[in-house]
Structures are given as structure tokens and as C-alpha cells.
Asker: 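Can you keep this structure in mind? I'll have questions shortly.
Letters go in sequence order (proteins before strands), and every chain restarts at 1.
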Protein chains: 2
Amino acid sequence: MLRLSKKADYALMAMKHLALQSDRGSSSAREIAEQYDIPIELMAKVLQRLVRRGLLASHQGTHGGYQLARLPAQISVADVIQAIDGPVTVTACTTDDGRCDQYAKCNVRDPLWRVRERILTALGECTIAELASEPPTPAPMRAAVLHTHL
Amino acid sequence: MLRLSKKADYALMAMKHLALQSDRGSSSAREIAEQYDIPIELMAKVLQRLVRRGLLASHQGTHGGYQLARLPAQISVADVIQAIDGPVTVTACTTDDGRCDQYAKCNVRDPLWRVRERILTALGECTIAELASEPPTPAPMRAAVLHTHL
DNA sequence: TCTAAATACGACCGGTCTAGTCCGATATTA
DNA sequence: TAATATCGGACTAGACCGGTCGTATTTAGA
């Protein structure tokens, strides 16, 4: 259902948090996890993966923590999502090597592929800086429910 | 990973097939399934759901089959996907009623919500007619593999 | 030097979802 | 009446995901 994983959610929340905290140095996994009600160990794992992907810088030991590795405006939502969930693949056959085993007869590969690119563009244009510039989502906007069946 | 289900894939393939076959009357589930190497029973189930959602019209009995319920240009990829996979929800908390249990502290709801809308727009702009106007994907375009790490 | 707090990382586990199968009922045509 | 469809629910094996646990390593400070 075109849904991104919870880990990706957590990653984006953390990235935004770190963008807002960037002047105050680094934040620890525990700090972020507690603030957003995320299981600490899971948060840690997510942050670690972001470090491995070069989106975050970490500092070990007491008073250690995480920082953004680049300017918030230089990090896109797509970067974060792909760091956590792997490459965005709309179709199962769209593997890195382009193998389409049984899908030799598939008739929608190319169009879906273009759809994928559009989605990727949308995700790529939205940066962490953009997230951070938002109001911190004051109250749970119940009024804004829309009819999903377009 | 923002991937749509195989059923949705099958649905799109069938819809395109039916768009191309529209002048020749209807096609049976068996017919379509065999042409694209899809398990017949699964194909049938997908087609039935498309009927229930009003995207296809069915005719029972011998020489029965399926037809598009509307003009190909009037059916979007979003329609098909949502008919099969349910509403497109980028985040888990985006349920129909807008409930966000633990996510009271979530700080990325609104921006992700806007991302969802952009994706939905992209899917909504691509119609079955557009799929059908494509060349039928001749050979598996191996050359067109791109670097997914944007 | 010792201890506490932090990152790093892999193994594991239970629940959920997905793809696919099976079966029976109904409808339509020849 | 027989063959061929659609219809629709029940079921299953396997993959995947969210989350947990345990342990090693690094670092700052008392």
C-alpha cells in the first residue's frame, strides 16, 4: 500500500529533531527516543544505520550522540527513506540489476517505472530543512481528515 | 519500501490488457492469466475485486469475461491501486479517521501528509489509456538500468 | 583506574501481512 | 444437462516487520 516502514518514520522524526537541535550540539539516542515514545533500542538501530549511510555523524562514549552529517537543506526525505528501507522500488521486478524473471511478458514495467521516478522526485525535493521549518504540529489536527478515495 | 503489491501489479496488467482488447469484446480471467503467467485463481480474485470497485464490468456464464467499466482515459493508476491495495497511506498513522494513537508527539505527520498527496497526484495523473498507448515493452530493456541511489 | 553512559552490531522472536491454493456456489450458453 | 464462466470465502506456507536482548567497544569524568 505504498507505505513506508516505521523505522523510516522514526528516522525522519529523528532527523528533524536533530535539525532543530543542531545548534545545541548532539543528541543521544535515548534523548530522542524518550521524546517521541520510540523504543530506545530500535531508535538506536535506526540512528546507527543513518550513520553508516553517511547521513549522520556519531560520537561515542559518555556524552556521545548524533549530529547531522550535512546541512538540513542538503538531506532529502528520499535520502533518509532509502537509507533505512533500501532503494524505492514500486514493483517487485525492479531490482538493481533489472532482472525480471517471470516478468518477460509484463506490459506495465516501463510506465510503472516512470511512476517510480515521479515519486522519487517528489521525495527528493522535500528536504529535512523543510521539515524543520514547519510548526511542530501543535494539536492532532482531526479536522483535516480527507476522503482518500480520490 | 513504497512497493505496491503483486495483486496491484496484476490488476494493472489486466487493465491494460483489457484496454487494448476493448474493441474485441471481453476477456476471461483464464485468458489474461495465461498470457501473463499469472496464477488463474489469483487473477480471478483480482478481477473480481475490480468489478466490485466499479472499475470493471463482468459477464458470467460461458463466453463470459471482463470489460472496462469506463473509458481507459477515465481510469487512473491510482484508482486501480486503491481498489486492490486499499487507500494509499504513506504513514501507518494516517488511517481514515485520522487517529494517531501514540503519535501525539509525532513531528513529521503534516509534511509526510503532503508527500502522500504528491504521490497520489502522480498516480492519479497516469491513466490506463496512457499505459495502453505505450509500445508493449518489446525486449527487456537491460540497458536502461539506472543508479537507484539518487 | 574504575565506572557509567553512550554507540555498535548481530541474533532472535512473535505477530502480521502477502501470495497463492482450494473448495463450493451461481450464472449463462450451447 | 454439461461446460465454462464469474463469485466469494476459508485456508496455508512463507516473508517481512517491529521490537527485544545480549554483548562488545568507546569515551568522559570522578
Asker: Side chain of E41(A) only, please: which of dA6(C), dC21(D), dG19(D) is the nearest?
Answerer: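 Among the listed nucleotides, the one closest to the side chain of E41(A) is dC21(D).
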Asker: Take atom CG of L47(A) and atom P of dA8(C), then tell me their distance rounded to the nearest Å.
Answerer: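 Distance, rounded to whole Å: 9 Å.
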Asker: For A29(A), answer base if it contacts any base atom (sugar-phosphate contacts may also be present), sugar-phosphate if it contacts only those atoms, and nothing otherwise; contact means non-hydrogen atoms under 4.0 Å.
Answerer: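 If one applies the 4.0 Å heavy-atom cut-off, A29(A) turns out to touch the sugar-phosphate alone, with no base involved.
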Asker: For S5(A) and for G65(B), locate the closest nucleotide of DNA chain D by heavy-atom distance; then report the residue assigned to the nucleotide nearer the 5' terminus.
Answerer: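 Its nucleotide being nearer the 5' end, the pick is G65(B).
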Asker: Atom CD1 of I40(A) to atom P of dG22(D): distance rounded to whole Å?
Answerer: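 Answer to the nearest Å: 15 Å.
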Asker: Is Y10(B) close enough to dG20(C) that one of its side-chain N or O atoms is under 4.0 Å from OP1 or OP2 there?
Answerer: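 So the side chain of Y10(B) is within the cut-off, an N or O lying under 4.0 Å from OP1 or OP2 of dG20(C).
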Asker: Are H63(A) and dT7(C) close enough that a side-chain N or O sits under 4.0 Å from OP1 or OP2?
Answerer: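 H63(A) to dT7(C) OP1/OP2: no side-chain N or O under 4.0 Å.
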Asker: With respect to the phosphate group of dA8(C), does any side-chain polar atom (N or O) of S58(A) fall under 4.0 Å of OP1 or OP2?
Answerer: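 Answer is yes, contact under 4.0 Å.
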Asker: Can you confirm whether L68(B) sits close enough to L56(B) that some side-chain heavy atom of one is under 4.5 Å from a side-chain heavy atom of the other?
Answerer: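 Yes; the side chains approach each other to less than 4.5 Å.
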Asker: Would one find a side-chain N or O of R30(A) under 4.0 angstrom from OP1 or OP2 of dA6(C)?
Answerer: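 Affirmative; the distance criterion is met.
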Asker: Output the rounded distance in Å from CG (D37(A)) to P (dG19(D)).
Answerer: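 The answer, rounded to whole Å, is 11 Å.
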Asker: Rounded to the nearest angstrom, tell me the gap between atom CG in D85(A) and atom P in dG18(D).
Answerer: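 Rounded to whole Å, this separation is 8 Å.
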Asker: Ignoring hydrogens and geometry beyond distance, is the side chain of Q48(A) in donor-acceptor contact with the base of dA8(C) at under 3.5 Å?
Answerer: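 Indeed there is one.
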Asker: Measure CG/L42(B) against C1'/dC11(D) and give the value in whole Å, please.
Answerer: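 Those two atoms, CG and C1', are 15 Å apart.
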Asker: Calculate, to the nearest 0.5 Å, the distance between atoms CG and CG belonging to D85(B) and L2(A) respectively.
Answerer: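 Between atom CG of D85(B) and atom CG of L2(A) there are 7.5 Å.
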Asker: Start at the 5' end of DNA chain C and walk down; is the nucleotide closest to H59(A) or to T62(A) reached first?
Answerer: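 Of the two residues, T62(A) wins.
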Asker: Could you check whether the side chain of Q60(B) and the base of dT6(D) have a donor-acceptor pair of N or O atoms closer than 3.5 Å, going by distance alone?
Answerer: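 When only heavy-atom distances are counted, Q60(B) does reach the base of dT6(D) through a donor-acceptor pair under 3.5 Å.
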Asker: With heavy-atom distances below 4.5 Å as the criterion, would you say the side chains of V51(A) and L47(A) are in contact?
Answerer: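 Result no, sub-4.5 Å side-chain heavy-atom pair not found.
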Asker: Check for a donor-acceptor pair, side chain of T89(B) on one end and backbone N or O of A92(B) on the other, with a separation under 3.5 Å.
Answerer: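 No, the answer is negative, given that no donor and acceptor are paired below the 3.5 Å cut-off.
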Asker: Could you tell me how far apart R3(A) (CZ) and dC17(D) (P) are, to the nearest whole angstrom?
Answerer: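 Rounded to the whole Å, the gap is 12 Å.
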Asker: Does K45(A) make a side-chain donor-acceptor contact with the base of dT7(C), cut-off 3.5 Å?
Answerer: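 Donor-acceptor pair under 3.5 Å: no.
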Asker: Taking the nucleotide of DNA chain C with the closest heavy atom to each, which residue, R52(A) or G64(A), is nearer the 5' end?
Answerer: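 Closest to the 5' end, via its nearest nucleotide, is G64(A).
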Asker: Looking at dG20(C), dG22(D), dA6(C), which one has an atom nearest to any side-chain atom of S28(A)?
Answerer: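 The closest nucleotide is dA6(C).
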Asker: Atom NZ of K7(B) to atom P of dG20(C): distance rounded to whole Å?
Answerer: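 One finds 9 Å between P of dG20(C) and NZ of K7(B), rounded.
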Asker: Indicate yes or no for a side-chain donor-acceptor contact from K16(B) to the backbone of N107(A) under 3.5 Å, with no hydrogens or angles considered.
Answerer: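 Yes; at least one donor-acceptor contact below 3.5 Å.
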Asker: If the cut-off is 4.0 Å, is Y66(A) near the phosphate of dA8(C), judged by side-chain N/O to OP1 or OP2?
Answerer: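 Answer yes for this pair, as a side-chain N or O of Y66(A) is under 4.0 Å from OP1 or OP2.
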Asker: Can you measure Q67(B) atom CD to dT6(D) atom C1' for me and round it to whole angstrom units?
Answerer: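 Rounded to the whole Å, the gap is 14 Å.
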Asker: Atom CZ of R118(A) and atom CD of E125(B): how far apart are they, to the nearest 0.5 Å?
Answerer: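 Answer rounded to 0.5 Å: 4.5 Å.
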